Chemist: 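The structure under discussion is supplied below as structure tokens; questions concerning it will follow.
Lettering follows sequence order; numbering is per chain, from 1. Everything numeric in this text was worked out from a predicted model, so none of it was measured.
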Number of protein chains: 2
Amino acid sequence: MQIAILLYDRFTTLDAVGPYETLSRLPGAETVFVAERTGTYRNDTGSLGLVADAALADVTAPDILVVPGGPGQLAHMEDGALHAWIRAVDARTTWTTSVCTGSLILAAAGLLKGRRATSHWLALDQLPALGAEPTGERVVFDGKYVTAAGVSSGIDMGLALAGRIAGDTVAQAIQLGIEYDPQPPYDAGSPDKAPAEITAMMRENSRHMLTGEK
Amino acid sequence: MQIAILLYDRFTTLDAVGPYETLSRLPGAETVFVAERTGTYRNDTGSLGLVADAALADVTAPDILVVPGGPGQLAHMEDGALHAWIRAVDARTTWTTSVCTGSLILAAAGLLKGRRATSHWLALDQLPALGAEPTGERVVFDGKYVTAAGVSSGIDMGLALAGRIAGDTVAQAIQLGIEYDPQPPYDAGSPDKAPAEITAMMRENSRHMLTGEK
């Protein structure tokens, strides 16, 4: 079972690593980080580089595709080689997945038309223009398409998907292996739970970031 | 504020990325991945490489040190250049931290003597021989030493530390930014919560891994 995780400049690290740390522990999993070219891709802050061991042409039939999000997503919304590759491998995947604004790339590539999907809470309202129907769930299954909300939600998605693929016992063993017994010191992880002024501040601050406005 | 995250061969990715994704979002944070030599370090499965942009000698006075765990920890339990560096930077840090079996490295370097600490649940019983007192908490503060339990606990540690450093509002904004509103599909993230047979199986399977026995 091959799991392909896409990298591109300015991806958000945990978007990729959450599904990675869960799915790569499935029995028989072979995980590959793939990008337009092999080599190092810097993340959203620029302070971390992850290595893509494969180029798009090297990965033709992954069983699972994972598309992370991050500010770099903005550069991948136009049709072209990346979208063509996404569509080509999607034709053969068992599961096509995304975390955070990765769903905007999947949707822009035409894969989420008429489907229920999610994204980072700050980007949810961009889904309808791309043909998808946003939901407020943290992990959304619609057929073989699985989209997760912001950044850390990829861990929950990975575990849910592990359960579908390999059964509850394997998924629970993975959860125990990564000791995923979350105890956040605050209950501020969604726009409905965070103090209203923090949610409002982040909406304001992120407006130019998400739309590409300066 | 410089945050130094240690890399070494066969580290566990989320151990490093959990604290990274939270602490690197602190105002004024400058995060650097550091290792014995600059270049790419492969993780525990070998399927992902992270880049160390700095060598030990390049990082002399980080404000925060983060030591991740992973099976590669076993190769760093003897005194030598790495322990000497850890002790030298620890003399100047505001916070010295670890995730998972990273605490065994800190303890082996002599930094946790008489201190309360934690580690991956499968490694907790190794702490006393290294002079530390294991606790069942997910994140343990003892003075400036902060240790977190297995793998995913570094996210909780990062948020707790962000709160201590920059206040609750900033930490909550970071939590909302990474949409950390965990909804694990199972409640199996600790040895007490997982089905007993899964916990027992993992104890058995991991025995040789944690001790280095073949």
Chemist: Look at A:Ile174, A:Thr199, A:Leu50, A:Asp187 and state which one has the largest set of heavy-atom pairs under 4.5 Å with chain B.
Modeler: A:Leu50
Chemist: For residues A:Tyr20 and B:Thr45, report the shortest heavy-atom separation together with the two atoms involved.
Modeler: OH-OG1, 2.6 Å
Chemist: Among A:Cys100, A:Pro184, A:Gly163, A:Ala160, which residue has the highest count of heavy-atom pairs closer than 4.5 Å to chain B?
Modeler: A:Pro184
Chemist: Could you pull out the closest heavy-atom pair between B:Met201 and A:Ala173, with the gap in Å?
Modeler: CE-CB, 4.0 Å
Chemist: Less than 4.5 Å to any heavy atom of chain A: does that hold for the side chain of B:Asp44, its backbone, both, or neither?
Modeler: side chain
Chemist: Looking only at non-hydrogen atoms, find the nearest pair between A:Leu176 and B:His120 and report the distance.
Modeler: O-NE2, 4.3 Å
Chemist: Sort A:Ala194 into side chain, backbone, both or neither according to what part of it lies under 4.5 angstrom from a heavy atom of chain B.
Modeler: side chain
Chemist: Minimum heavy-atom separation for A:Gln175 and B:Ala188, please, with both atom names.
Modeler: OE1-N, 3.3 Å
Chemist: What's the separation between atom CE in A:Met202 and atom CD in B:Gln172, rounded to the nearest 0.5 Å?
Modeler: 11.5 Å
Chemist: What donor-acceptor contacts under 3.5 angstrom involve side-chain atoms of residues 60-68 of chain A, with partners at least two apart or in another chain?
Modeler:
unit_1: A:Asp63; atom_1: OD2; unit_2: A:Gln2; atom_2: N; d: 2.6

Chemist: Under a 4.5 Å heavy-atom cut-off, does chain A meet the side chain of B:Val17, its backbone, both or neither?
Modeler: side chain
Chemist: Can you name the closest pair of heavy atoms from B:Glu179 and A:Gly150 and give their distance?
Modeler: OE1-N, 2.9 Å
Chemist: For each of B:Asp15, B:Val32, B:Ile198, tally heavy-atom pairs with chain A at distances under 4.5 Å, and name the one with the top tally.
Modeler: B:Ile198
Chemist: Please report the interatomic distance CG(B:Asp181) to OG(A:Ser152), rounded to the nearest 0.5 Å.
Modeler: 8.0 Å
Chemist: Under 4.5 Å heavy-atom distance to chain B, tell me which part of A:Met157 shows up: side chain, backbone, both or neither.
Modeler: neither
Chemist: Tell me, with the steps shown, if A:Thr169 and B:Glu197 meet side chain to side chain contact (heavy atoms under 4.5 Å, CB included).
Modeler: CA-CA 10 Å; A:Thr169 299; B:Glu197 62 275 18; over 6 Å; no
Chemist: Rounded to the nearest 0.5 Å, how far does OH of A:Tyr186 lie from CG of B:Leu159?
Modeler: 8.0 Å
Chemist: For B:Thr40, is it the side chain, the backbone, both or neither that has a heavy atom under 4.5 Å from a heavy atom of chain A?
Modeler: side chain
Chemist: Looking at chain A, which one of B:Pro191, B:Pro195, B:Pro185, B:Gly46 has the largest number of heavy-atom pairs inside 4.5 Å, strictly under?
Modeler: B:Pro185
Chemist: Need one label for A:Ser190: side chain, backbone, both or neither, based on atoms under 4.5 Å from any heavy atom in chain B.
Modeler: both
Chemist: What part of A:Ile5 is in contact with chain B, defined as an atom under 4.5 angstrom from a non-hydrogen atom: side chain, backbone, both or neither?
Modeler: neither
Chemist: Given side chain to side chain contact (heavy atoms under 4.5 Å, CB included), test A:Arg42 with B:Asp53 step by step and report yes or no.
Modeler: CA-CA 11 Å; A:Arg42 307 299 296 194; B:Asp53 290 318; 2.6 Å; yes
Chemist: Distance from B:Leu14 atom CG to A:Ser24 atom OG, nearest 0.5 Å?
Modeler: 10.0 Å
Chemist: If we define contacts as heavy-atom pairs under 4.5 Å, which of B:Ala29, B:Gly49, B:Ala171 has the most with chain A?
Modeler: B:Gly49
Chemist: Where on B:Pro182 is there a heavy atom nearer than 4.5 Å to chain A: the side chain, the backbone, both, or neither?
Modeler: both
Chemist: Answer whether the closest heavy-atom distance between the side chains of A:Leu48 and B:Glu21 falls below 4.5 Å.
Modeler: no
Chemist: How many angstroms lie between CG in A:Asn43 and OG1 in B:Thr31, if you round to the nearest 0.5 Å?
Modeler: 9.0 Å
Chemist: For A:Tyr8, which residues count as a ring pair (Phe, Tyr, Trp, His ring centres under 6.0 Å) partner, sequence neighbours excluded?
Modeler: A:His76
Chemist: Within this structure, what is the CD1-CD distance for the pair B:Ile155 and A:Gln183, rounded to the nearest 0.5 Å?
Modeler: 12.5 Å
